[in-house]
Chemist: 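Have a look at the structure that comes next, please.
Atoms within a ligand are numbered from 1 in the order they appear, just like the ligands themselves.
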Amino acid sequence: MEMMPSTMAEMWTKMGSTIASFMFIWAIFRQYCPYELRRYFEKYTHTIMGYFSPYIKISIHEFAGDRLKRSEAYAAVEAYLSANSSKTARRLKAEMGKDSTNLVLSMDEYEKVTDEFRGAKVWWVASKVVSPSRPMGYYPEQEKRYYRLTFHKRYREMITGAYLEHVVKEGKEIRVRNRQRKLYTNSPGYKWPSYKQTMWSHIVFEHPATFETMAMEPNKKKEIIEDLVTFSQSKEFYARIGKAWKRGYLLYGPPGTGKSTMIAAMANLLNYDVYDLELTAVKDNTELRKLLIETTSKSIIVIEDIDCSLDLTGQRKKKSGKAMGDEEKEKMEKERREAKEESNNGGSSKVTLSGLLNFIDGLWSACGGERLIVFTTNYVEKLDPALIRRGRMDKHIELSYCSFEGFKVLAKNYLKLETHPLFDTIDRLMREVDITPADVAESLMPKSPLDNAEKCLCSLIQALEDAKAEAANKVAEQEETSSNQNEDHATAAMDHENSASENA
Ligand SMILES: Nc1ncnc2c1ncn2[C@@H]1O[C@H](COP(=O)(O)OP(=O)(O)OP(=O)(O)O)[C@@H](O)[C@H]1O
Ligand SMILES: [Mg+2]
């Protein structure tokens, strides 16, 4: 009897702790259970159903395997279904198609459509798995979309063979037809690696420049166009000689001579996408490679002002830093840069020259194929020879000051003029002084609704005269300084002689 109270107390404490641990386990169980349980049930029902069901299912996932890249099969199926589902599906989603004039319809999520192929009926469902957000709520939910094809066992051979081939082939054709060309950028913006599947963001590419509107010598223009067209048609040739199907262009020349314009014209000529790569926003070589892998074929990868984004030592720097020249500012810039680099992963993060070289012609660059890599620069002599040797930059194109031929193209585009009495004056002046196509274009632009062609031509002549006067001034100044220097030298020499004779 004496033991009783103590045993009772013991029992109560035990029970209390048991309840507490039970509650604790239950809480955890409740938090994780529903999803796990669901998965568990799903798994087994599927297996059991599989024994009895006469149907076969094939899923095509958007990001297959280690998902470096969006699955091409998925994209093809998506296109195929978008063209074939709009008649039967009830819930569709609409997106802007080519030229932003028409809407392209495709199946909405969980929508089911039927398709027929040589008498066999198949069902397509667009679906997705949503993996739960992490317990900490750190990352948002991840969606994995896929299409599921269901058909009767009887048709197994035909569906897995001929039908799928048909779907992929037609899907690819539809994609080419509906393709809206895109301009991609790797702008630093926000980046959630697990949420955002791709590192590029894009907008629709709608630049109006073409080779017809470009001011250049006709022969040079023709040569470039032929080079580009030949490249785009040489798949077999590149395969035969064992080279990756890509070509590098280096566009160099003073500012305002049409380097960026030419890239747009190239994209319009070949119907390619454009990837505008901002090297200064790339953290390191690994990231550079990731960006490369994510580019698609039939595209132009552009690195503008390559001399400013990469130093020969592999140190990156900004364009402004170079232009200032002033030592103080250079130092400030350097400090700022260092601080910035430190804040983004302890200074170890940078793209090196060798990383860039690998990007251009390393093993990874062969994936995808049919690609142009274009560099632009104002100072070709500053670039590392390794970077621009043939094989990396196969074709070097110099864009230079406007010639009279170039002017005629612009006059035709801007003023609809083939000839004019003032053309002779302009021809003469253009031989005497350098003017960029950008400056010519600006002069030929009507400034008010009343401006006519003649007025525009006069304004160009004025601009040419001004440029000529400025050039003459510069020459005079230079002569003056050099003659001053010569005088200084002469007096110094005389002094020296005098002192020498005095000493003697
Ligand atoms: N060859 C050209 N033919 C027609 N227009 C031109 C040409 N060059 C320049 N322009 C006009 O001048 C403007 C500036 O040209 P663009 O941006 O292509 O120069 P850029 O060579 O890329 O200069 P930067 O080196 O400063 O980047 C364009 O909007 C275009 O209208
Ligand atoms: Mg440019």
Chemist: Evaluate Glu370 against Tyr272 for side chain to side chain donor-acceptor pair (under 3.5 Å), listing each step before the verdict.
Modeler: CA-CA 9 Å; Glu370 193 162 7; Tyr272 281 6; 2.8 Å; yes

Chemist: Tell me how many protein N, O or S atoms are within a distance shorter than 2.8 Å of the Mg ion (ligand 2).
Modeler: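 Protein N, O or S neighbours of the Mg ion (ligand 2) under 2.8 Å, waters not counted, come to 1.
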
Chemist: Only heavy atoms count here, so choose which of Ala264, Ser260, Gly406 is nearest to atom 17 (O) of ligand 1.
Modeler: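 Heavy atom nearest to atom 17 (O) of ligand 1 belongs to Ser260.
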
Chemist: Between Arg431 and Asp427, does at least one N-O distance fall below 4.0 Å, as a salt bridge requires?
Modeler: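 Yes, charged N to carboxylate O under 4.0 Å.
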
Chemist: Please work out whether the ring planes of Phe423 and His420 are parallel, tilted or perpendicular, with thresholds of 30° and 60°.
Modeler: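 The arrangement is tilted - the two ring planes meet at 30° to 60°.
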
Chemist: I'd like to know if Lys447 pairs up with Asp451 as an ion pair, taking the criterion as any Lys NZ or Arg NE/NH1/NH2 lying under 4.0 Å from an Asp or Glu carboxylate oxygen.
Modeler: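 Salt bridge absent between Lys447 and Asp451.
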
Chemist: Where does Val409 meet ligand 1, judged by heavy-atom distances below 4.0 Å: at the side chain, the backbone, both, or neither?
Modeler: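 Within the 4.0 Å criterion, Val409 makes no contact with ligand 1.
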
Chemist: For ligand 1, which atoms have a heavy atom of Thr261 less than 4.0 angstrom away?
Modeler: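 Under 4.0 Å from Thr261, ligand 1 has these atoms: 15 (O), 16 (P), 18 (O), 28 (C), 30 (C).
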
Chemist: Give a yes-or-no answer on whether the side chains of Asp466 and Gln462 include a donor-acceptor pair shorter than 3.5 Å.
Modeler: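 Distance-only check passes for Asp466 and Gln462.
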
Chemist: Salt bridge between Glu470 and Lys474, side-chain N to carboxylate O under 4.0 Å?
Modeler: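 Answer for the salt bridge query: no.
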
Chemist: I need the single residue from Ile360, Val380, Val302, Leu251 that forms a side chain to side chain contact (heavy atoms under 4.5 Å, CB included) with Phe375. Which is it?
Modeler: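 Exactly one pass, corresponding to Ile360.
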
Chemist: Whether Arg392 and Asp361 form a salt bridge (side-chain N of Lys/Arg under 4.0 Å from carboxylate O of Asp/Glu) is what I want to check.
Modeler: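 Salt bridge present between Asp361 and Arg392.
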
Chemist: Side chains of Glu226 and Val229: does their closest heavy-atom pair fall under 4.5 Å?
Modeler: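 They are not in contact (no side-chain heavy atoms under 4.5 Å apart), so the answer is no.
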
Chemist: Which of these, Ser403, Gly258, Ser400, has its nearest heavy atom closest to atom 8 (N) of ligand 1?
Modeler: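 The residue whose heavy atom sits nearest atom 8 (N) of ligand 1 is Gly258.
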
Chemist: Anything under 30° is parallel, anything over 60° is perpendicular, the rest tilted; go ahead and classify Tyr184 against Trp200.
Modeler: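 Rings of Tyr184 and Trp200: perpendicular, as their planes differ by over 60°.
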
Chemist: So, Lys220 and Glu405, do they make that salt bridge, N to O below 4.0 Å?
Modeler: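 Here Lys220 does not pair with Glu405 in a salt bridge, since their nearest N and O are not under 4.0 Å apart.
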
Chemist: Could you tell me which atoms of ligand 1, counted from 1 in the order shown, lie closer than 4.0 angstrom to a heavy atom of Leu410?
Modeler: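 It comes down to these atoms of ligand 1: 4 (C).
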
Chemist: If you measure from each non-hydrogen atom of Asp305 to ligand 1, which part falls under 4.0 Å: side chain, backbone, both or neither?
Modeler: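 Under 4.0 Å from ligand 1, Asp305 contributes no heavy atoms.
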
Chemist: I want to confirm something. Looking only at heavy atoms, which of Ala215, Gly256, Cys402, Ala441 is nearest to atom 1 (N) of ligand 1?
Modeler: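 Result: the heavy atom closest to atom 1 (N) of ligand 1 is in Ala215.
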
Chemist: Give a yes/no verdict on whether any heavy atom in Thr213 is under 4.0 Å from an atom of ligand 1.
Modeler: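 So Thr213 counts as touching ligand 1.
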
Chemist: Provide the number and element of each atom of ligand 1 under 4.0 Å from a heavy atom of Asn378.
Modeler: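 Going through ligand 1 atom by atom, the ones under 4.0 Å from Asn378 are 25 (O).
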
Chemist: I'd like to know if Met216 contacts ligand 1, where contact means a heavy-atom distance under 4.0 Å to any ligand atom.
Modeler: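 Under 4.0 Å: no for Met216.
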
Chemist: Could you list which atoms of ligand 1 come closer than 4.0 Å to a heavy atom of Pro255?
Modeler: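 Result: 23 (O), 24 (P), 25 (O), 26 (O).
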
